[in-house]
Amino acid sequence: MTVVTRFAPSPTGFLHIGGARTALFNWLYARHHGGVFRLRIEDTDRQRSTKEAIEAIIDGLKWLGLNWDDETVFQFARAPRHVEVALEMLKQGKAYYCYCTPEELEEMRTAARAAGKPVRYDGRWRDRDPKDAPAGIKPVVRLKAPTSGETVVHDKVQGEVRVANEQLDDMVLLRSDGTPTYMHSVVVDDHDMGITDVIRGDDHLTNTFRQLQIYEAMGWKAPSFAHIPLIHGPDGAKLSKRHGALGVEAYREMGYLPEALRNYLLRLGWGHGDDEIISTEQAIAWFDLDGVGRAPSRFDFAKLDNLNGHYLRETDDARLAREVAARLGVAGDVAIEQRLSAGMTGLKARAKTLKELSENARFYVLKRPLSPDDKARALLSVDAAAVLKELRGRLAAAPSWLSPDLESQARAFAEAKSIKLGQVAQPVRAALTGATTSPPIFEVMQVLGREETLGRIDDAIAGAA
RNA sequence: GUCCCCAUCGUCUAGAGGCCCAGGACAUCACCCUUUCACGGUGAAGACACGGGUUCGAAUCCCGUUGGGGACGCCA
């Protein structure tokens, strides 16, 4: 049987990092088994669902490279089918009308909690004659769930988990306004969409027992389940939207590469021996649910940074130059993009994110004259200016403008003057970049070209005090 | 309160009874490389939550304790 997985976010916010990982695992599992990965937008909460959120989720998935198959299913549009199934259950005696008021239910809960009993609906309308229905109250439809025995989930990550049916109550299938509840819609949709494997956050584990009872009542074959642990924040507290969890677009803005985020998310809660850098091809070949751990893991930016740095260094210079140009507001400037691309070798070893890379690259984009920062200014003393002036003459006459040749020139110059190379290189760095740290300075000279280099040195000499 | 799940270095993990006085990666520290800062290289420090069992032998199995997490809605 072909594997069919799905990612089913509710569009009430952005695609947060936990959701992204759930989507990744579903995608990987489907691709690994040559199956189908589907997307279902659970937009049944009309109050909180927004068009912006739907777009953010779709953009996020696309950015991460998690392509889905078949058409996207919108849950709200399927409400009539959900109602139809609930009515069928009613007809078969698998469900019943309940006329309890919210106040009654609240009393029940308070009493149960006080008595140390499980908090659940007591089933008071379960076998009552509908003729007893109080006038003017619209009923909900509840599942007639088994009252004895136990329900068992054979979970691919959590193992066999069982719960006594007394712990579960008769859940609401249809609200008093006739709309289906989430719990019910999910089951009908997963069944109708032919989902074979439900992979989701383990906050849904206990929901699974109830959902299983719906499958049971309808005589449907249940999919297999895999509940993956949630991601926690660095402090161990849960990483939820309420606690500042970020959407993937925030990671994008911070300058993380999708391939780095994918690799990071994969390794969070999943392992394949000692492998750390895992390409998408390898991930598809290796991914399996039994490699998924059962304990929640903490999100660690330091490791993400490290991974991102690695992928940054592997990324094509031209692509990086375009990203940087866009971030520095000079997108489309061909000359500048070429300069950035040429400077990428030295630049990309020094950055963890595109944001950092862009900041470090800014000096390549700046127009003369530069405004050196305080530390650079301190380097540009009158003495240093004298050194620069002499060096400038030598450079102006240099037969080659290639980095190794420029370095030879500078070394010969330093030697002739009996000073250390650093005493030459640092003022040049300050002059060319306006900072005290930068890529190798002779590489910078080559990338900047003779004219720009000499111009910046002249500016520095003129500005020295 | 009731039920369910979890527990190896600071973090992510390897480990499915002897290969483990526990391996890798990130982070940290030191050294090397070096014109700066990085990258890279070498090395150091760093964990089986606790207590009982079972066994010739336990990080691995069982029980309990403690500590985390999740669920208990006419939200999803």
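Quick note on labels: first sequence line is chain A, next is B, and so on, each numbered from 1.
Contact of A:Arg350 with B:C39 (side chain to base): no donor-acceptor pair of N or O atoms is detected under 3.5 Å. The base of B:C37 is not paired with the side chain of A:Ser438 by any donor and acceptor separated by under 3.5 Å. For A:Asp274 against B:G23, a side-chain-to-base donor-acceptor contact under 3.5 Å is present. Taking only distance into account, the side chain of A:Lys303 meets the base of B:A25 through a donor-acceptor pair shorter than 3.5 Å.
The existence of a salt bridge linking A:Glu390 and A:Lys417 is confirmed by a sub-4.0 Å separation between a basic side-chain nitrogen and an acidic carboxylate oxygen. Here A:Arg120 does not pair with A:Asp170 in a salt bridge; the nearest charged N to carboxylate O distance is not below 4.0 Å. In summary, A:Arg362 and A:Glu359 do not engage in a salt bridge, as defined by a charged side-chain N under 4.0 Å from a carboxylate O. For the pair A:Glu88 and A:Arg81, the salt-bridge criterion is not met [side-chain N within less than 4.0 Å of a carboxylate O]. Taking 4.0 Å as the cut-off between side-chain N and carboxylate O, A:Arg162 and A:Glu160 count as a salt-bridged pair. A salt bridge links A:Glu452 with A:Arg456: at least one charged nitrogen is closer than 4.0 Å to a carboxylate oxygen.
In this structure, the CG atom of A:Asp170 is 12 Å from the P atom of B:C74, given to the nearest Å. A:Lys417 places its NZ atom 17 Å from the C1' atom of B:U35, with the value rounded to the nearest Å. The interatomic distance linking A:Phe363 (CZ) with B:U36 (P) rounds to 16 Å, in whole Å. Protein atom NZ of A:Lys352 is 16 Å distant from nucleotide atom P of B:C37, rounded to whole Å. A:Arg294 places its CZ atom 14 Å from the P atom of B:U60, with the value rounded to the nearest Å. In this structure, CD1 of A:Ile278 is placed 16 Å from P of B:C12, rounded to the nearest angstrom. Rounded to an integer number of Å, the gap from A:Asn360 CG to B:C39 P is 12 Å. Across the protein-nucleic acid pair, A:Met171 atom CE and B:A71 atom C1' stand 14 Å apart, rounded to whole Å.
Considering only side-chain atoms of A:Arg429, the nucleotide from B:A76, B:C4, B:U36 that sits closest is B:U36. Nearest to the side-chain atoms of A:Arg411 among the listed nucleotides B:U11, B:G70, B:U35 stands B:U35. The side chain of A:Val163 sits closest to B:C3 out of B:C3, B:C74, B:U34. Of the listed nucleotides (B:A76, B:A7, B:G70), B:G70 has the atom at the smallest distance from the side chain of A:Leu230. Ranking B:C5, B:C74, B:U2 by closeness to the A:Gln167 side chain, first place goes to B:U2. Of the candidate nucleotides B:C3, B:A27, B:C12, B:C12 has the atom nearest to the side chain of A:Leu268. Nearest to the side chain of A:Val161, among B:C74, B:C12, B:C4, sits B:C4. Distance from the side chain of A:Arg142 is smallest to B:C74 among B:C39, B:U11, B:C74. Distances from the side chain of A:His232 to the nucleotides B:C74, B:A76, B:G69 place B:G69 closest.
On the C1' atoms, B:G15 is 8 Å away from B:U60, given to the nearest whole Å. Taking atom C1' in both B:U65 and B:A71, one finds a spacing of 24 Å when rounded to whole Å. For the C1' atoms, the distance linking B:A22 with B:A16 amounts to 15 Å, nearest Å. A distance of about 14 Å separates the P atoms of B:C12 and B:A49, rounded to the whole Å. B:C6 and B:C39 have their C1' atoms separated by 39 Å, with the value rounded to a whole Å. Look at the C1' atom in both B:G51 and B:A14: the space between them is 27 Å, to the nearest Å. As rounded to the nearest Å, B:C33 and B:U42 have C1' atoms that lie 11 Å from one another. Taking atom C1' on both nucleotides, B:C9 is separated from B:G24 by 12 Å, rounded to a whole Å.
Counting any heavy atom pair closer than 4.0 Å across all strands shown, A:Gly269 reaches sugar-phosphate atoms only and no base atom. At a threshold of 4.0 angstrom between heavy atoms, the contacts of A:Asp169 with the nucleic acid are absent. Residue-level contact check: A:Val140 touches the bases, meaning some heavy atom is under 4.0 Å from a base atom. Looking at heavy-atom distances under 4.0 Å, A:Arg267 makes contact with a base. Within 4.0 Å (heavy atoms only), A:Ser176 reaches at least one base atom of the nucleic acid. Within the 4.0 angstrom heavy-atom criterion, no nucleotide atom of any strand lies near A:Ser49. Across all strands shown, A:Pro440 has heavy atoms under 4.0 Å from base atoms, whether or not it also approaches the sugar-phosphate. At the heavy-atom level, A:Pro9 lies nowhere under 4.0 Å from the strands shown. Across all strands, A:Tyr264 comes closer than 4.0 Å to no nucleic acid atom at all (heavy-atom distances). Note on A:Cys98: nothing from the nucleic acid sits closer than 4.0 angstrom, heavy atoms only. Base engagement by A:Glu276 is indicated by at least one non-hydrogen atom pair under 4.0 Å involving a base atom. Across all strands shown, A:Lys375 has no heavy atoms under 4.0 Å from either base or sugar-phosphate atoms. Heavy atoms of A:Ile441 sit under 4.0 angstrom from at least one base atom.
Between the side chains of A:Lys348 and A:Thr315, no donor N or O sits under 3.5 Å from an acceptor N or O.
Here A:Lys144 pairs with A:Tyr96, A:Arg126, A:Asp127 under the side chain to side chain contact (heavy atoms under 4.5 Å, CB included) rule; sequence neighbours left out.
Nucleotide B:G43 is matched to B:C29 when pairs are restricted to Watson-Crick or G-U wobble geometry with both distances under 3.5 angstrom. Nucleotide B:A38: unpaired (no Watson-Crick or G-U wobble partner with both distances less than 3.5 Å). For B:A71, the paired nucleotide is B:U2, the pair qualifying as Watson-Crick or G-U wobble because both relevant distances are below 3.5 Å. The pairing partner recorded for B:C20 is none, the criterion being a Watson-Crick or G-U wobble arrangement whose two distances lie under 3.5 angstrom.
For A:Thr179 and B:C74, the shortest distance from a side-chain N or O to OP1 or OP2 is not below 4.0 Å. Contact annotation: A:Arg109 reaches the phosphate of B:G73 (side-chain N/O to OP1 or OP2, under 4.0 Å). For the OP1/OP2 pair of B:C72 and a distance below 4.0 Å, the side-chain nitrogens and oxygens of A:Thr206 include no atom meeting the criterion. Look at A:Asn306 and you won't find any side-chain N or O under 4.0 angstrom from OP1 or OP2 of B:A25. Look at A:Arg313 and you'll find a side-chain N or O under 4.0 angstrom from OP1 or OP2 of B:G40.
The residue among A:Arg21 and A:Ala164 whose nearest nucleotide of RNA chain B is located toward the 5' end is A:Ala164. Between A:Pro180 and A:Gly293, the residue anchored closer to the 5' end of RNA chain B is A:Gly293, taking for each the nucleotide with the nearest heavy atom.
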Show me the donor-acceptor pairs, under 3.5 Å and distance only, between side chains in residues 285-297 of chain A and residues at least two apart or in other chains.
none

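A:Arg46 forms a cation-pi arrangement with A:Phe76, by the criterion of a distance under 6.0 Å to the ring centre and an angle within 45° of the ring axis.
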